[in-house]
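The next block holds one structure in the form of structure tokens; read it before the comments.
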Amino acid sequence: MKKRTVATGLTTVMLVSLVAAACSSQPNDTPAAGETKKPDESKKPITFTWLAYDRPEGKVRQDWDIFKEIETKTGVKIEFQVVSQEGLKEKKQIMIATNSVTDFIQVDTLEGRQHGPDKVFLNLKDYLDKAPNLKAFYDKYPEARAVATGVDGGIYTVPVIEGDAEGKGFNFVWYTRKDVMDKYGLKAPTTVDEFYQFLKTLKEKQPDTYPLINNAIIGDTGLFTTFGRAFTGIHGFYNVDPATDKYAFAPYHKGYKDSLVYLNKLFNEKLLDPEFSMITQAQWEERILKGKSLVTFFWKADLETLMDKGRKAGIAEYTLDAIPQFAADGIKNYQFSRPVVGAAGRAISAKVKDKDRAVQFLDYLLGEEGSNYLSLGIEGKTYTKENGKSVYNKDFGASPFTTLRKDWGVWYDMVTLDNAKSREVWERGLSDKSKDINKRYESFIIPAPKQIVKTKEELELEKSKLNNLNKFLEQKLTEFVAGKTPINDKTYQEFIDQAKKLGADELLGMYNAAYTRTYGKK
């Protein structure tokens with residue numbers, strides 16, 4: 001009996017011990033009697049301010065559903081401080097100058113590098129050990145780390161991703177009135193000479209038109225950019241030459257004068273809109289829609305929208321289609337892809353009330369779930385899955401970004417962090433026609449150059465020289481094309497000499513030095 005009593009006692013002790021051990025191994029979700037459950041500090045309600053501007057598609061809303069979902073998941077409520085698009089630049093400058101930026105703000109990466117070390121923006125480098133998504137982001141995109149890093153070594157922005165890492169996505173195509181081509185049995189041109197003959201035939205068939213129109217003279221779709229690249233292989237006045245992997249000044253190229261002679265011929269034969277140097281966006285669209293102009297180089301995303309507008313404007317057969325990109329003999333026929341890393345990025349105020357939570361929240365937005373909310377929206381409401389791939393709701397139409405931005409806050413500038421993800425999903429749902437255009441342009445697309453990081457002295461040089469040089473270039477090139485200044489060896493050399501006096505060589509040397517220093521190019 002005594003032995004049984006001892007055994008029973010031991011068994012009881014062991015059972016009690018096991019129960020206690022089991023209880024201690026359970027999550028602390030259920031407090032013991034008389035205790036209060038400890039709150040999850042990582043999801044404790046907190047509000048952060050965020051600067052944004054109203055887009056044309058729709059105004060910023062405080063009640064967008066994606067931010068309700070994000071608040072549920074993170075405990076973070078976003079309070080947007082909204083300005084007009086016109087007032088954004090001034091508002092941002094005042095905030096930076098007075099060190100009173102909102103908790104979250106989108107700034108140029110240059111602004112981040114310049115003002116981060118002055119304690120305007122939080123140094124994200126100090127938190128990388130607590131932010132796995134943030135660390136992985138900079139590891140995946142070395143360019144992003146480079147453009148986000150200040151002179152003190154701190155990291156101050158999360159640059160917005162604009163293009164796919166492979167450098168395949170692109171923005172622009174040559175397009176023309178396909179119904180007019182079919183009417184006259186015209187073939188799409190593939191060389192600069194064929195392009196001239198194409199415009200000439202269009203003018204002969206429809207003499208009341210100026211067949212070619214561009215909506216600007218500079219910029220990605222500008223007349224001088226487009227034809228300068230076609231005759232020199234250099235995109236814009238200054239850019240990386242794909243043939244040498246070094247910066248070049250396009251007017252130094254022997255083909256640049258040829259591009260001006262070509263454009264002057266188009267102008268003289270009334271194949272180019274005579275107001276090419278002062279055309280506004282509204283005038284460009286009106287002339288395209290009314291059939292006063294028939295060929296342009298523009299955003300591919302607008303092709304089908306313009307086609308619908310043209311039909312609604314009264315031309316029932318109005319049809320636009322892409323024609324091949326062309327280049328002069330011996331010149332690489334290419335278009336740069338969208339840049340992978342954008343020139344703007346998200347920053348956190350150095351004065352944010354809870355630095356750890358702010359970084360934690362930014363890290364969440366960089367993760368798959370947070371990124372999907374900002375770039376795609378809510379599954380089942382703004383996008384669905386087809387064969388494991390995301391596609392936007394078909395009832396949003398060919399331009400889903402309008403509805404996504406207006407009603408959902410998705411793919412909204414100064415809010416989203418990954419435009420590339422949005423574009424990939426949008427293009428997956430394109431019409432067969434748009435997919436065909438993408439396929440036809442695949443061979444022309446090469447990866448865009450990476451951004452360069454300039455020193456304070458280099459920025460001062462650029463500030464003191466570039467604006468005046470650009471103004472001179474735009475004015476003189478316009479005079480050449482319009483015939484106000486004849487194009488010959490003497491006048492062109494005078495043009496080059498004046499460009500050098502205005503700093504063309506100094507700027508070229510600076511760009512190459514900065515490119516080499518940033519990425520180790522030779």
Side-chain angles (χ1 to χ4, degrees), residues 56-57 170-190 194-216 219-223 226-227 266 269-276 278-326 335 392 394-403 423 426-427 429-441 444:
E57 298 93 335
F170 68 102
N171 289 325
F172 311 106
V173 296
W174 277 106
Y175 50 88
T176 189
R177 285 281 299 279
K178 182 66 164 56
D179 57 302
V180 175
M181 285 180 63
D182 292 344
K183 180 179 179 179
Y184 301 116
L186 303 181
K187 292 183 179 180
T190 59
E194 288 179 2
F195 187 73
Y196 163 72
Q197 291 296 334
F198 181 69
L199 297 178
K200 191 171 182 178
T201 302
L202 288 173
K203 180 71 175 179
E204 290 170 355
K205 299 296 184 182
Q206 299 197 181
D208 61 336
T209 67
Y210 294 102
L212 175 63
I213 188 172
N214 276 47
N215 76 321
D220 289 326
T221 61
L223 191 73
T226 306
F227 284 89
L266 300 187
E269 296 183 21
K270 303 188 185 319
L271 306 181
L272 170 65
D273 191 296
E275 296 182 324
F276 70 91
M278 60 188 74
I279 200 83
T280 66
Q281 175 73 20
Q283 290 171 325
W284 171 87
E285 183 169 310
E286 180 184 22
R287 292 172 197 186
I288 285 288
L289 294 180
K290 291 187 175 180
K292 295 299 181 182
S293 295
L294 305 167
V295 183
T296 194
F297 185 78
F298 201 60
W299 294 82
K300 66 177 183 178
D302 285 40
L303 188 146
E304 294 194 46
T305 301
L306 281 171
M307 195 161 66
D308 290 340
K309 287 182 179 180
R311 291 175 179 176
K312 290 175 181 176
I315 306 176
E317 67 278 10
Y318 193 103
T319 305
L320 294 169
D321 197 8
I323 57 175
Q325 192 166 295
F326 50 84
Q335 178 185 155
Y392 290 125
K394 290 182 172 56
D395 56 1
F396 290 171
S399 303
F401 34 81
T402 299
T403 301
R423 289 181 176 124
W426 163 58
E427 294 199 350
L430 287 175
S431 67
D432 290 341
K433 176 175 181 170
S434 291
K435 288 179 179 178
D436 178 59
I437 290 173
N438 283 348
K439 187 174 182 179
R440 281 185 267 159
Y441 263 67
F444 303 129

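Just so it is clear, the structure is predicted and the values come from calculations on it, not from any experiment. Computed from heavy atoms alone, side chains included, the values below leave out hydrogens, waters and symmetry copies.
In this view, Asp179 and Arg177, Glu317, Thr319 satisfy the side chain to side chain contact (heavy atoms under 4.5 Å, CB included) rule, not counting sequence neighbours. For Gln325, the side chain to side chain contact (heavy atoms under 4.5 Å, CB included) partners at least two apart in sequence or on another chain are Trp174, Arg229, Phe297, Asn333, Gln335, Tyr441, Phe444. Residues meeting the side chain to side chain contact (heavy atoms under 4.5 Å, CB included) test with Glu269, sequence neighbours left out: Tyr196, Lys200, Lys265, Leu271. Under the side-chain hydrogen bond (donor to acceptor under 3.5 Å, both in side chains) criterion, Asp273 pairs with Arg287, not counting sequence neighbours. Legend: residues meeting salt bridge (charged side-chain N to carboxylate O under 4.0 Å, His left out) with Glu194, ordered by chain and number and at least two apart, are absent. For Thr221, the side-chain hydrogen bond (donor to acceptor under 3.5 Å, both in side chains) partners are Asn215, not counting sequence neighbours. Legend: residues meeting side-chain hydrogen bond (donor to acceptor under 3.5 Å, both in side chains) with Ser399, ordered by chain and number and at least two apart, are Thr305. Residues satisfying the side chain to side chain contact (heavy atoms under 4.5 Å, CB included) criterion with Arg440, sequence neighbours excluded, are Asp321, Ala322, Asp436, Ile437. Every residue was checked against the salt bridge (charged side-chain N to carboxylate O under 4.0 Å, His left out) condition with Asp220, not counting sequence neighbours, and none meets it. Applying the side-chain hydrogen bond (donor to acceptor under 3.5 Å, both in side chains) test to Trp284 and every residue at least two apart in sequence or in another chain returns Thr296. A search for salt bridge (charged side-chain N to carboxylate O under 4.0 Å, His left out) contacts involving Glu285 returns Lys309, not counting sequence neighbours. Qualifying salt bridge (charged side-chain N to carboxylate O under 4.0 Å, His left out) partners for Lys394, counting only residues two or more places apart in sequence or in other chains: Glu386.
The side-chain heavy atoms of Phe195 and Leu212, taken from C-beta on, include a pair separated by under 4.5 Å. Inter-residue side-chain proximity for Asn438 and Phe170 is flagged as met; some heavy-atom pair is nearer than 4.5 Å. Counting heavy atoms from C-beta outward, Leu186 and Leu202 have side chains that approach closer than 4.5 Å.
Sparse packing is recorded around NZ of Lys312, with 12 or fewer heavy atoms of other residues, nucleotides or ligands lying under 6.0 Å away. The environment of Asp432 atom CG is sparse: at most 12 non-hydrogen atoms of other residues, nucleotides or ligands sit within 6.0 angstrom. Within a 6.0 Å sphere centred on NZ of Lys433, other residues, nucleotides and ligands contribute more than 12 heavy atoms.
Taking both residues in full, the closest heavy atoms of Trp426 and Ala398 are given as NE1-O, 3.2 Å, listed atom of the first, atom of the second, then distance. Considering all non-hydrogen atoms of both residues, Phe276 and Leu223 come closest at CD1-CD2, 3.7 Å. What you find for Pro211 and Leu199 is that their closest heavy atoms are CG-O, 3.6 Å. Closest heavy-atom contact between Thr209 and Leu294: OG1-CD1, 4.0 Å. Closest of all the heavy-atom pairs between Pro324 and Pro189 is CD-O, 3.5 Å. The shortest non-hydrogen separation linking Ile279 to Ala216 is CG2-N, 4.1 Å.
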Apply side chain to side chain contact (heavy atoms under 4.5 Å, CB included) to residues Tyr175 and Leu306 and explain how you reach the verdict.
CA-CA 11 Å; Tyr175 50 88; Leu306 281 171; 3.3 Å; yes
Evaluation steps, side chain to side chain contact (heavy atoms under 4.5 Å, CB included), between Phe172 and Trp299:
CA-CA 4 Å; Phe172 311 106; Trp299 294 82; 3.4 Å; yes
What verdict does the side chain to side chain contact (heavy atoms under 4.5 Å, CB included) test give for Thr176 and Phe198, after you've listed the backbone C-alpha separation in whole Å, the side-chain angles of each residue and the deciding distance to 0.1 Å?
CA-CA 11 Å; Thr176 189; Phe198 181 69; 4.0 Å; yes
Please lay out, stage by stage, how Phe298 and Leu303 fare under the test side chain to side chain contact (heavy atoms under 4.5 Å, CB included).
CA-CA 8 Å; Phe298 201 60; Leu303 188 146; over 6 Å; no
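Checking Lys300, Lys439, Glu304 one by one against Ser434, the side chain to side chain donor-acceptor pair (under 3.5 Å) holds for a single residue, Glu304.
Of the charged side-chain nitrogens involved, none lies within less than 4.0 Å of a carboxylate oxygen, so that Arg423 and Glu427 do not count as a salt-bridged pair.
Relative to the six-membered ring of Tyr210, Lys203 meets both conditions, a distance below 6.0 Å and an angle of at most 45° to the axis.
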